[in-house]
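Inspection log for the structure reproduced underneath, given as structure tokens.
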Amino acid sequence: MMYDGDSRVFFLDCDPGIDDALALAYLLARRTPLVGVGSVAGNVDAARGAENARRLLRLFDRGDIPVSVGIDAPDGAHVDDTAASFHGRNGLGGVSLPPGLDDVGSSSTPDTLRSLARTYGDRLHIIATGPLTNLAQVLADDPDFGNRVGSMTVMGGAFSVPGNVTPWAEANIASDPTAAALVVQSDWNRLTFVPIDLTYTHLFSRKDQTAVRDLDRPELETLCHIVDFYYNAYQDRFLGRYIPLHDPLAAAVAVGDVVVETATRGQVTVCVDRGERRGQTTLSHTTDGKITVVSTVDRQCARVLIDTLAAHWR
Ligand code: RIB
Ligand code: CA
């Protein structure tokens with residue numbers, strides 16, 4: 001929700017990616033003041049992610065929002081077949097969108113983040129729905145960055161459930177555990193994790209998809225077509241009937257449309273060993289813990305997503 005006097009601006013650092021695309025559509029539909037979109041290697045490489053973001057912004061007639069190219073594969077990480085099996089080789093479920101308008105800005109995502117932090121300070125709120133490589137790059141040069149921006153909300157981590165790329169690690173963390181470790185070791189005004197412990201309980205059914213299709217908008221028909229691939233990718237787990245709203249939920253928590261009901265504040269650690277537990281996230285309850293790991297929220301993300309799209313495109 002945006003309210004009078006709300007001076008917040010938002011930056012989406014993403015790896016589109018089908019659920020990233022849903023998160024972007026949601027943020028645009030609610031007219032979130034989005035001062036930029038960055039890309040990071042994860043579901044696809046950073047260059048492809050930036051092009052996908054530009055194409056999605058063109059689809060929703062928001063080519064005015066600048067897109068920057070982030071860090072490509074960090075040391076040891078790579079875009080693998082698992083990601084392609086969930087998001088398609090092109091990251092958008094194999095759906096080919098018209099090319100993005102204008103050229104991607106010359107400023108990299110880390111440089112863009114540094115510049116936006118100088119411009120907006122604690123008005124800037126970062127939504128990270130991909131690996132944390134870009135943020136780690138910023139923090140490495142500027143350890144106080146997290147204290148100067150308003151907040152960061154991360155879609156990532158698996159704390160009391162198995163991981164989704166290994167038995168211990170969630171995809172965004174597993175793609176670059178070293179980056180995630182630096183992020184959680186840094187000071188932040190406010191750092192919130194929306195982990196798969198929660199996101200796998202926020203599902204988007206085929207009926208929900210039909211409700212979006214029934215809004216009878218060409219942009220949304222294309223979005224639903226992109227999403228079709230995700231249903232098939234989750235055939236084993238959800239029988240092709242549901243998809244998890246990982247990134248849209250993190251975005252909805254970040255902007256406040258979905259309100260945190262229960263959470264744990266503590267210190268998060270990320271396993272960076274090269275063993276089987278690489279990328280595992282652990283939460284230790286500490287009284288001075290500065291990281292919030294969300295456990296429950298006040299409403300279903302699917303309802304918020306559909307209502308937001310309908311309100312904008314009705
Ligand atoms: O584990 C889910 C996360 O990994 C989501 O951000 C999805 O887009 C993938 O990047
Ligand atoms: Ca993502």
Side-chain angles (χ1 to χ4, degrees), residues 11-27 37-46 48-50 52-53 56 70-74 77-93 109 126-135 152-177 179-180 183 192-204 223 226-227 229-231 233-234 237-238 242-254 270 278-281 293-294 301 305:
F11 184 89
L12 176 64
D13 193 28
C14 57
D15 61 340
I18 294 173
D19 58 329
D20 304 74
L22 281 171
L24 181 57
Y26 158 72
L27 290 169
V37 176
S39 74
V40 61
N43 294 324
V44 290
D45 64 51
R48 177 77 254 180
N52 285 349
L56 289 164
I71 306 282
D72 215 338
H78 57 282
V79 179
D80 60 17
D81 289 342
T82 304
S85 69
F86 278 90
H87 298 272
R89 288 247 165 256
N90 76 343
L92 296 178
T109 298
I126 300 164
I127 305 170
T129 62
L132 295 169
T133 312
N134 291 323
L135 275 304
M152 178 156 77
T153 303
V154 174
M155 191 281 124
F159 292 90
S160 56
V161 296
N164 59 2
V165 288
T166 74
W168 296 278
E170 178 277 328
N172 287 337
I173 307 300
S175 290
D176 194 349
V183 165
T192 301
F193 275 76
V194 180
I196 56 172
D197 311 50
L198 179 59
T199 60
Y200 272 118
T201 68
H202 284 259
L203 303 179
F204 192 72
L223 184 65
I226 290 170
V227 167
F229 191 96
Y230 219 30
Y231 283 101
Y234 275 99
R237 181 160 183 166
F238 296 120
Y242 300 95
I243 54 171
L245 294 175
H246 301 299
D247 295 343
L249 178 57
V253 167
V270 179
R278 182 170 173 79
Q280 182 179 22
T281 46
V293 177
V294 181
C301 186
L305 177 59

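Order of appearance sets the numbers: ligands from 1, and atoms from 1 within every ligand. All heavy atoms count here, side chains included; hydrogens, waters and symmetry mates do not.
Nearest heavy atoms, L223 versus A25: CD2-CB, 3.7 Å. Minimum interatomic distance between P244 and T199 (heavy atoms only, all atoms of both residues): CB-O, 3.9 Å.
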Exercise for review: Begin with the C-alpha distance, continue with both residues' side-chain angles, and end with the deciding distance and a verdict on side chain to side chain contact (heavy atoms under 4.5 Å, CB included) for T166 and Q280.
Suggested key: CA-CA 9 Å; T166 74; Q280 182 179 22; over 6 Å; no

Practice item. Evaluate the side chain to side chain contact (heavy atoms under 4.5 Å, CB included) criterion for residues I196 and V161: first the C-alpha distance (whole Å), next the side-chain angles of each, then the deciding distance (0.1 Å), finally the verdict. Key: CA-CA 8 Å; I196 56 172; V161 296; 3.9 Å; yes

Exercise for review: Go through Y200 and Y242 one step at a time and tell me if the side chain to side chain contact (heavy atoms under 4.5 Å, CB included) criterion holds.
Suggested key: CA-CA 10 Å; Y200 272 118; Y242 300 95; over 6 Å; no

**Study point:** Test log, rule side chain to side chain contact (heavy atoms under 4.5 Å, CB included), inputs D15 and N172
**Key:** CA-CA 9 Å; D15 61 340; N172 287 337; 4.1 Å; yes

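When heavy-atom distances to ligand 1 are checked against a 4.0 Å cut-off, N164 comes that close only through its side chain, counted from C-beta outward. When non-hydrogen atoms are compared, ligand 1 lies under 4.0 Å from the backbone of T129 (N, CA, C, O) but not from its side chain. Under 4.0 Å from ligand 1, not a single heavy atom of I18 appears. Heavy atoms of V165 found under 4.0 angstrom from ligand 1: none, in either backbone or side chain.
No side-chain heavy atom of D247 sits less than 4.5 Å from a side-chain heavy atom of Y26. Using a 4.5 Å heavy-atom cutoff, the side chains of D176 and V40 are not in contact. You'll find the side chain of C14 reaches within 4.5 Å of the side chain of V37, heavy atoms only.
Numbered from 1 in the order shown, with element, the atoms of ligand 1 that lie under 4.0 Å from a heavy atom of D19 read 5 (C), 6 (O), 7 (C), 8 (O). When each atom of ligand 1 is checked for a heavy atom of M155 under 4.0 Å away, the hits are 2 (C), 3 (C), 5 (C), 6 (O).
Distances shorter than 4.0 angstrom occur between a heavy atom of A171 and an atom of ligand 1.
Counting protein heavy atoms only, atom 9 (C) of ligand 1 is closest to N43 OD1, 3.4 Å. Of all protein heavy atoms, the one closest to atom 6 (O) of ligand 1 is D247 OD1, 2.6 Å. From the protein, the heavy atom lying nearest to atom 10 (O) of ligand 1 is N172 OD1, 2.9 Å. The closest protein non-hydrogen atom to atom 1 (O) of ligand 1 is E170 OE2, 2.5 Å.
Counting only protein N, O or S atoms closer than 3.0 Å to the Ca ion (ligand 2) gives 5.
Remark: F229 pairs with I18 by the side-chain contact (heavy atoms from CB on, under 4.5 Å) rule, at least two apart or across chains.
Note on ring orientation: taking the six-membered ring where Trp is involved, the planes of Y230 and H246 are perpendicular (angle over 60°, cut-offs 30° and 60°).
Rounded to the nearest 0.5 angstrom, N52 CG and L92 CG are separated by 4.0 Å.
For a threshold of 3.5 Å applied to N or O pairs, the pair formed by Y230 and ligand 1 contains no separation below that value.
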